[in-house]
Amino acid sequence: VSLQGYGGLTMRAAEVLRLVSGVLQDLEPDMPRRWAWEHDEKAGLSLLELLNAAVRAVVLQRPDITAVTEAVLLEPGIRQGMPDRRHGARHACAALIGLVRNMGADGETPGKGIIPVPAALLLGMAGYGTMAPEVQMYAYDKHLDPYTYYVYPAVPEQAEVWVELTYSAMPPALTATDQELPVQDTFSEALVHHMLASVLSGDNETSNLTRAQTHMQAYYQVMGIRQQVDGTLGRKGVAQ
């Protein structure tokens with residue numbers, strides 16, 4: 001997933017890890033680190049693994065920051081699963097954002113737009129058994145079922161029905177400290193707070209539940225501020 005927007009600014013994993021180690025007072029010269037940066041069988045959980053968990057948490061809270069819009073192939077019927085390789089999607093899907101328009105039987109022919117409707121309305125209409133090679137409406141409620149959405153009319157058996165949709169791409173896991181973050185550097189503060197909350201709430205010599213709760217509160221506050229700023233700027237999904 002490549003990133004655009006905000007000038008496409010990213011930073012390397014090592015920069016975030018250094019900030020976390022600094023707060024944990026784990027950067028003393030000539031002293032072994034209590035929290036290894038990269039995976040080590042003897043050291044247990046590494047900061048890089050906690051960084052990956054923090055990135056996933058940020059993306060799940062802000063799916064727009066890894067948004068991808070592309071054509072995908074629908075399954076027969078009204079019930080649809082999250083886009084994956086079977087549907088022609090280029091990335092693993094973290095969350096559905098919305099359907100845009102029909103793309104014909106070849107995935108390359110733009111057609112009519114697709115209207116979002118409440119799930120109860122769509123499922124009620126589905127009882128009439130209407131099928132067509134063109135989608136008119138869709139329904140998705142991530143709170144009821146984050147892994148399923150519905151389309152109307154139902155997709156006929158043996159039909160090739162493609163639609164353009166937008167989904168949040170699952171960020172690729174970081175495997176080395178010199179890699180760039182899969183999210184913009186404007187989320188680095190949130191990543192640091194999330195990681196510190198994980199470290200300080202664990203069963204280890206660094207544990208401090210009060211500090212862990214403070215960092216988790218700071219994480220949610222920073223994410224809320226970023227959401228307000230991005231909304232003011234009119235930010236849309238930017239990953240391609």
Side-chain angles (χ1 to χ4, degrees), residues 1-5 52-126 130-174 181-184 187 194 223 227 230 235-240:
V1 178
S2 63
L3 297 170
Q4 301 172 2
N52 279 321
V55 168
R56 289 192 296 271
V58 165
V59 169
L60 288 175
Q61 190 169 346
R62 285 290 309 277
D64 61 295
I65 63 177
T66 59
V68 174
T69 299
E70 61 184 5
V72 300
L73 180 65
L74 296 181
E75 302 170 21
I78 66 166
R79 183 185 174 98
Q80 305 292 323
M82 291 296 100
D84 58 26
R85 301 291 182 184
R86 296 171 301 163
H87 308 107
R90 292 179 296 136
H91 309 281
C93 174
L96 182 72
I97 296 177
L99 275 65
V100 182
R101 58 182 176 173
N102 286 276
M103 291 298 289
D106 57 4
E108 299 179 356
T109 307
K112 294 180 180 179
I114 304 173
I115 302 172
V117 298
L121 174 61
L122 188 148
L123 293 174
M125 297 174 64
T130 304
M131 292 188 177
E134 185 176 73
V135 175
Q136 298 175 10
M137 311 172 192
Y138 80 95
Y140 175 61
D141 189 334
K142 66 180 181 181
H143 300 294
L144 292 177
D145 186 349
Y147 306 110
T148 303
Y149 67 99
Y150 299 89
V151 297
Y152 180 86
V155 177
E157 293 283 349
Q158 309 302 322
E160 293 272 314
V161 179
W162 291 76
V163 299
E164 185 178 73
L165 58 71
T166 301
Y167 65 93
S168 176
M170 189 69 73
L174 296 163
L181 298 177
V183 297
Q184 295 86 349
F187 292 95
H194 193 283
M223 289 297 294
Q227 180 119 33
D230 293 350
R235 173 151 169 75
K236 302 294 185 181
V238 295
Q240 300 293 327

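Note that the numbering runs from 1 along the sequence shown for the chain.
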Can you check side-chain contact (heavy atoms from CB on, under 4.5 Å) on Met125 and Thr130, steps first, answer last?
CA-CA 8 Å; Met125 297 174 64; Thr130 304; over 6 Å; no
Taking the side chain as C-beta and beyond, is there a heavy-atom pair between Val163 and Val100 under 4.5 Å?
no
With a 4.5 Å limit on heavy-atom distance, are the side chains of Tyr138 and Gln80 in contact?
no
Give the minimum heavy-atom separation between Pro156 and Ala132, together with the two atoms involved.
CD-O, 3.2 Å
So do Glu164 and Thr69 actually touch side chain to side chain, heavy atoms under 4.5 Å?
yes
Can you tell me how far CD of Gln61 sits from CG of Asp64, rounded to the nearest 0.5 angstrom?
10.5 Å
Validation row: Val59, Ser168 side chains within 4.5 angstrom (heavy atoms)
yes
What's the separation between atom CG in Leu99 and atom OH in Tyr167, rounded to the nearest 0.5 Å?
13.0 Å
Closest heavy-atom pair, Pro110 versus Arg101, reported as atoms and distance to 0.1 Å, is CB-NH1, 3.5 Å
Heavy-atom neighbours of Ile115 CD1 exceed 12 at 6.0 Å
no
In the structure I gave you, are the side-chain heavy atoms of Lys142 and Leu96 within less than 4.5 Å of one another anywhere?
no
Heavy-atom closest pair, residues Gly77 and Val151
O-CG2, 3.9 Å
Looking only at heavy atoms, which two atoms of Pro171 and Pro182 are closest? And how far apart?
CB-CG, 3.9 Å
Just so I know, are the side chains of Met131 and Glu157 near enough to count as touching, which here means a heavy-atom distance under 4.5 Å?
no
So Glu160 and Leu73, do their side chains get closer than 4.5 Å, heavy atoms only?
yes
List the atom of Val72, the atom of Pro83, and the distance in Å for their closest heavy-atom pair.
CG1-CB, 4.1 Å
How many angstroms lie between CG in Leu122 and CG in Asp141, if you round to the nearest 0.5 Å?
12.5 Å
Spatial distance of atom CE (Met137) from atom CG (Leu121) [nearest 0.5 Å]:
6.5 Å
Less than 4.5 Å apart, any side-chain heavy atom of His87 and any of Met82?
no
Quick one: CH2 on Trp162 to CG on Asn102, what's the gap to the nearest 0.5 Å?
13.5 Å
In sequence, state the C-alpha distance, the side-chain angles, and the governing distance for Val68 and Ile97, and then conclude on side-chain contact (heavy atoms from CB on, under 4.5 Å).
CA-CA 9 Å; Val68 174; Ile97 296 177; over 6 Å; no
Separation between CD (Glu70) and CZ (Arg90), nearest 0.5 Å, reads 4.5 Å
Considering all heavy atoms of both residues, which atom of Ala57 and which atom of His194 are nearest to each other, and what is their separation?
CB-NE2, 3.5 Å
Students often mix this up, so state it plainly: with edges at 30° and 60°, are the rings of Tyr140 and Tyr149 parallel, tilted or perpendicular?
perpendicular
